[in-house]
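Since the structure is predicted, the reported quantities are computational estimates derived from the model, not experimental observations. In what follows, every chain begins at residue 1, and chains take the letters A, B, ... in the order their sequences are listed.
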Number of protein chains: 2
Amino acid sequence: MGEEVRNKQIILKHHVTGNVKECDMELKTIQLNVPEGSNALLLKNLYLSCDPYMRPRMSKTEGSYVAPFTPDAPIMGIGVAKVMESGDSNFQKGDLVWGMTGWEEYSVVTTSQSFFKIHDKDVPLSYYTGILGMPGMTAYAGFYEVCSPKKGETVFVSAASGAVGQLVGQFAKMMGCYVVGSAGSKEKVDLLKNKFGFDEAFNYKEERNLDATLKRYFPDGIDIYFENVGGKMLDAVLVNMKVHGRICVCGMISQYNLEQTEGVHNLFCLIAKRIRMEGFVVIDYYHLYPKYLEMIIPQIKDGKIVYVEDVAEGLENAPSALVGLFSGRNVGKQVVMVSSE
Amino acid sequence: MGEEVRNKQIILKHHVTGNVKECDMELKTIQLNVPEGSNALLLKNLYLSCDPYMRPRMSKTEGSYVAPFTPDAPIMGIGVAKVMESGDSNFQKGDLVWGMTGWEEYSVVTTSQSFFKIHDKDVPLSYYTGILGMPGMTAYAGFYEVCSPKKGETVFVSAASGAVGQLVGQFAKMMGCYVVGSAGSKEKVDLLKNKFGFDEAFNYKEERNLDATLKRYFPDGIDIYFENVGGKMLDAVLVNMKVHGRICVCGMISQYNLEQTEGVHNLFCLIAKRIRMEGFVVIDYYHLYPKYLEMIIPQIKDGKIVYVEDVAEGLENAPSALVGLFSGRNVGKQVVMVSSE
């Protein structure tokens, strides 16, 4: 090591309040100094993941489970990368890995323990930012470990065509549940019904009264709500839950751009309906990852589980892809391809 | 049977919106016709219980776990009563019972299955509206079954000098937890610290910033929150919970008189801190009642658990006692004595 590499990066210019905009980030070119004789890895980043949880990291506020990003430093996120040089005997040049990397062409990482080596390459590499990576594990742990699902139960998934939601719906169908999803466009609703096999789906932007909408799809109530959005949808769900229902709190994307989050008013339903509402973070469940891969890879290869991605090409388009998440512009899992190999 | 008895009753005049007032109720005298040859019980009501959950029943709104009260009929609530006549072979004249009765001198009840016979009379009879009845079982089930407490954990109880809170605090101390309670007067704070053995207590009405208050008493965060009040306190607690904390949702008394409940803004903490927030209703746990009595009665007799009641004398004072719950006028469990025997 010891050489210098030209490196394009996406920098967070400053901490963000309110709506995140493309101009909160900036493309910058630096000379990357590769430290010599360390146990660091030099990674070439191939695919970067755009995920809702990244928005809270762009704010200065504390209280999240991950530290705020550092202004003037590259955005950090999950990515798929190729090992170019390795000072760590666990990794070889040419290995493919996924884990927490920088939004840049090359990254020098010293925390190699947080990288998973990619063994199965018969599937699209980008899947390791999605179905085979963090969002896939999120759907798996959230649905099977947090929701306590049973055959025949009624399941509602919000942001249902997203990176996590599309999988939760398919897992719930595999278990024999009745599954309804909400999304923000006709195209997404069609995907839910025709590609992912949801029993029903609706465009929440076209519904004037979410309470009435949920009563239409769940006349007898909801056993399981997989919560990805928060705010008004959560309030409408609370009054439509069944007794002993479960709310698995995975995300609240509708709230991340707000300076003052919406208040949730119907929490008394937790008592009246004896609801368990439980938040979780996928990092608590990575011990299940090998078991998950063993289950999911054959399902992908047999076409029993499908996965839809929205791939933006080029690092320079990463800010727009990330911003688009919060208006729901992406259809399926949002990925940025930095380089195909 | 077949005779007529003069019977004073407290009637709900109409469904209530906003603050419940004494004038929403009315004292009325009727002639009670005791049905002949039925399997009904004629009860003489001795002690009536004033409980926060009764407020939602006074509204017309649905969504609670118990049906709204019927206007022009007596308020219904938990009471201790003496069987005067019995058409049910499970009950004898002279038996003492507790269960759902009417706010009146005498009640004819036909659902005898919902009454518990009182066997141990070495304790104040009024205790069967409190520590030995529904609130006692609520504290027991909520703390031991819902909170999953462990020795050494930090526990916060709101409305801590109330019918349920004073017991939760004592149970938590028995388990070796650090326990802090909130209440609404200096007198109550003194009770918490000096009579119930809480480690710390504060008067929430004197705190300008509940977040700072909780940080003062829980510099390392809260493992268990026993929720009795809702609203702003819940919001302050959410940001002060520890990772993997538990919120046992027993009641939300601060919200019951509001036409529009306060919004809760910090639910994202459920994710960031992996919190389980679980509502419960005591009726799901009555199978544990014999076990609970076996545990609690010796503790009472040995003076290891204490219980403070606020007894209003006379049925005519029941409306004022009930209304007083919502401004926190009662000190300890609010009971109405209709007759001492």
Please classify the contact between [X] and chain B as side chain, backbone, both or neither, with a heavy-atom cut-off of under 4.5 Å.
X	answer
A:Leu234	side chain
A:Gln255	neither
A:Val239	neither
A:Ile283	side chain
A:Leu267	both
A:Asp284	side chain
A:Gln260	side chain

If you tally heavy-atom pairs under 4.5 Å against chain A, which of [options] wins?
options	answer
B:Thr261, B:Ile271, B:Leu270	B:Ile271
B:Glu227, B:His265, B:Arg276	B:His265
B:Val281, B:Asp235, B:Asn266	B:Val281
B:Gly251, B:Gly263, B:Gly230	B:Gly263

Is a salt bridge present between A:Arg216 and A:Glu207, judged by a nitrogen-to-oxygen distance below 4.0 Å? yes
State plainly whether the residues B:Glu278 and B:Arg246 are in salt-bridge range, i.e. N to O under 4.0 Å. no
Describe, in one word, how the ring planes of A:Tyr285 and A:His287 are oriented to each other, choosing from parallel (under 30°), tilted (30 to 60°) and perpendicular (over 60°). parallel
Is a side-chain donor or acceptor of A:Asp223 paired with a backbone partner of A:Thr154 at a separation under 3.5 angstrom? yes
Can you give me the closest heavy-atom contact between A:Gly165 and A:Val157, atom names plus distance? CA-CG1, 3.8 Å
Decide yes or no on side-chain contact (heavy atoms from CB on, under 4.5 Å) for A:Cys250 and A:Thr138, but give the supporting numbers first. CA-CA 8 Å; A:Cys250 177; A:Thr138 301; 3.4 Å; yes
Close side-chain approach of A:Leu210 to A:Phe202, heavy-atom, < 4.5 Å: yes
Take A:Asp51 and A:Lys333 through the salt bridge (charged side-chain N to carboxylate O under 4.0 Å, His left out) test and state the conclusion after the steps. CA-CA 9 Å; A:Asp51 296 296; A:Lys333 163 68 193 170; 2.8 Å; yes
